[in-house]
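Step one of this worksheet: look at the structure below.
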Amino acid sequence: MRLLAAAMLITATVAVPAPAVATPACPGYVGLTFDDGPTPGNTAALLDALQRAGLRATMFNTGQNVEANPELARAQVAAGMWLGNHSWDHPFMTQLPEAEQAAQISRTQDAIRKVTGVTPTLFRPPYLDTNDALRAVERRFGLTEINTDVDSRDWDNASVEQILASVDKLSDGDVILMHDWPPNTVAAIPAIAASLRARGLCAGKISPVTGRAVAPGTRALTHVHTPGRIEDRGTDTRYTWPGVYFEGRFRGDAIGVVLDDAVNDYELQVDDQAPVTLVTPGRTTHWVRGLARGTHTVRIAKRTESPWTPGQFGGFVAGPGGALLTEPAARGRQIEFIGDSWTAGYGNSSAGRDCSTTGGVDRNSNADQAFGALTARTLRADYQLNAWSGMGMVRNYDGSNPAVDYRTYYDRVLQAADTADWQRPRTWKPQVVVIGLGINDFSTALHAGERWADEAALAADYEAAYLGFLDKLRDRYGPHTQLVLTYPSMWNTTALATSVEKIVAQRTAAGDRRISALHYDNDALGLDLLGCDWHPSAHDHRQLAGALTAHLRSLPIRW
């Protein structure tokens, strides 16, 4: 911060606890932050003082300073400091158009990554000047905005004694604003360390989920079981695919769930109680209190789709006097579901086909009650729902977005939010893969200008792409995984059914004995399609799950 008038100080305190149990040696953590570096003549002295005092801190660097002083940025990392983004050249961000805000952030991300190999997850706006529009831009780059709980006012020539008085205001989880360049700040470091020790506080890392200081080694997935496609960033995880779930165990009478998600809805369940829906919870620790003291289970699942916007999970938090226990054991059975809106549970909670007046598709969708989740729970299996509404094998709904299709995104961890591939853990070896792709390819008529002359050409392309996709799955999961190709009755064509049956017959003839087709006969199953926009309803998903469960039980699956 540079010569900021007190009236311009904007604070955004989030009163949520750290998503982990602190170690007995240090019952509380605070976030020490230093803005505006790295700078010659200042950063080296600051790093030396911090290291001598045994302190770690978050350095909110400007991109231009990182580019001009790369050796100092690398020295920050070598000294054990964490790096944050503080814009390129320290402007008032809210006075810039959106494109320039994005450029300020992205140039700095690129500079820090190029020089240090570190990709920041935290952003501090210059002058603490912020608003909702800026925070939306920050989220596009996977950044969490960090304001401050305590301002040391070292930018305003605060004395060493005044800086220490500010430090004395800190409590567990708080973040203090300091700067890289004031001499008094460097001089105050030894006394800051002594003050924190005297009050049982340690220098912590700032969680990108809660914005609070936590133990440096805190991991969101400690004591957590999840088989979903997630990006594990240590203190938090990010994800976009529907139905991702996290499970834990704890002892006590209360449990908190740390989230940062203003887009998705969740199902939260403790023990066998009825699930509670959390609607776009935002940055929070959601508490369940008043439980009987004892051992409990907790489960939270993502209900909705968000291909462009990741949700964030920061772990479970035991209530006062309680403790997190070893995570639930992974289930021996695993099923991967690949599909479109049917698999994602699109609009399955709606009371009718028009859900525009009852919250729209998001408020009426629940992947945790889609047929895949129901089937997996019946069979006591872990599962993934790798589904995306409107996507097809070669053609998307009504010919939209012709440059991409489902296969474009299948390997990604965060769908359209990031191009990085999912790093499949060795523990994910599904015995069954259930595929439901094709409704969007064939449900709407071809338009002039599309690359297929007629439905026959579309079907030929679909079949070739499907066979290639199955080859990929075989290479990934081996010859013993059961591949189940599903398709529903369609009102306008038999091309989907013909193609799927043809694919299965062709692979079976070639020696693949662990592949089958399953027809969801709408009439035989009594599907009413009363979900949003003529999608399967909750009733229908139960029927689909019953049919799929029966089919899987008929197969010689090695589990």
Side-chain angles (χ1 to χ4, degrees), residues 1-14 31-43 46 57-74 76-77 81-116 118-158 175-183 185 206 208 211 262 283:
M1 186 183 298
R2 299 171 184 170
L3 301 179
L4 174 64
M8 297 179 62
L9 182 62
I10 305 169
T11 59
T13 302
V14 182
L32 306 178
T33 68
F34 297 88
D35 289 7
D36 298 349
T39 51
N42 301 307
T43 298
L46 176 61
T58 301
M59 320 303 283
F60 283 101
N61 291 332
T62 62
Q64 65 177 5
N65 281 348
V66 170
E67 184 176 79
N69 306 285
E71 71 289 345
L72 290 177
R74 287 190 285 268
Q76 291 173 332
V77 176
M81 307 304 153
W82 301 285
L83 303 188
N85 186 321
H86 195 42
S87 80
W88 180 258
D89 57 8
H90 212 279
F92 283 95
M93 294 287 285
T94 63
Q95 297 179 14
L96 301 179
E98 180 181 336
E100 291 186 28
Q101 291 175 343
Q104 285 276 336
I105 291 171
S106 64
R107 287 183 69 192
T108 304
Q109 289 289 92
D110 292 343
I112 294 174
R113 184 186 303 112
K114 179 180 178 180
V115 168
T116 69
V118 173
T119 300
T121 60
L122 308 177
F123 177 77
R124 172 169 282 154
Y127 310 108
L128 305 181
D129 170 43
T130 189
N131 57 26
D132 289 343
L134 174 59
R135 282 187 283 269
V137 175
E138 297 161 10
R139 286 194 294 271
R140 282 164 39 194
F141 295 93
L143 293 167
T144 297
E145 185 177 290
I146 303 300
N147 207 286
T148 189
D149 299 293
V150 176
D151 179 9
S152 71
R153 298 187 68 84
D154 60 351
W155 54 270
D156 195 24
N157 296 316
V175 173
I176 184 170
L177 170 65
M178 294 180 284
H179 291 78
D180 171 273
W181 46 268
T185 302
I206 300 174
R283 182 189 290 179

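In this text the structure is predicted, and so the values were computed from the model without any measurement.
- Legend: residues meeting side chain to side chain contact (heavy atoms under 4.5 Å, CB included) with P40, ordered by chain and number and at least two apart, are N69, L72.
- Residues passing the side chain to side chain contact (heavy atoms under 4.5 Å, CB included) test with D110 are R113, sequence neighbours excluded.
- Shown here are the side-chain hydrogen bond (donor to acceptor under 3.5 Å, both in side chains) partners of Q109, two or more places apart in sequence or in another chain: N85.
- Under the side chain to side chain contact (heavy atoms under 4.5 Å, CB included) criterion, R107 pairs with W88, not counting sequence neighbours.
- Between H179 and the choices T185, N42, D154, the side-chain hydrogen bond (donor to acceptor under 3.5 Å, both in side chains) rule is met once, by D154.
- Legend: residues meeting salt bridge (charged side-chain N to carboxylate O under 4.0 Å, His left out) with R74, ordered by chain and number and at least two apart, are absent.
- By the 4.5 Å heavy-atom criterion applied to side chains, T33 and L122 are not counted as neighbours.
- For S106, the side-chain hydrogen bond (donor to acceptor under 3.5 Å, both in side chains) test picks out no residue, with sequence neighbours left out.
- No side-chain donor-acceptor contact under 3.5 Å links T108 to the backbone of T62.
- With sequence neighbours left out, T43 forms a side-chain hydrogen bond (donor to acceptor under 3.5 Å, both in side chains) with D180.
- With sequence neighbours left out, E100 forms a salt bridge (charged side-chain N to carboxylate O under 4.0 Å, His left out) with no residue at all.
- Annotation: side-chain hydrogen bond (donor to acceptor under 3.5 Å, both in side chains) contacts of T121 (sequence neighbours excluded): none.
- Qualifying side chain to side chain contact (heavy atoms under 4.5 Å, CB included) partners for A102, counting only residues two or more places apart in sequence or in other chains: V137, R140, F141.
- Sorted by first then second residue, the salt bridge (charged side-chain N to carboxylate O under 4.0 Å, His left out) pairs that include residues 59-71, not counting sequence neighbours, number zero.
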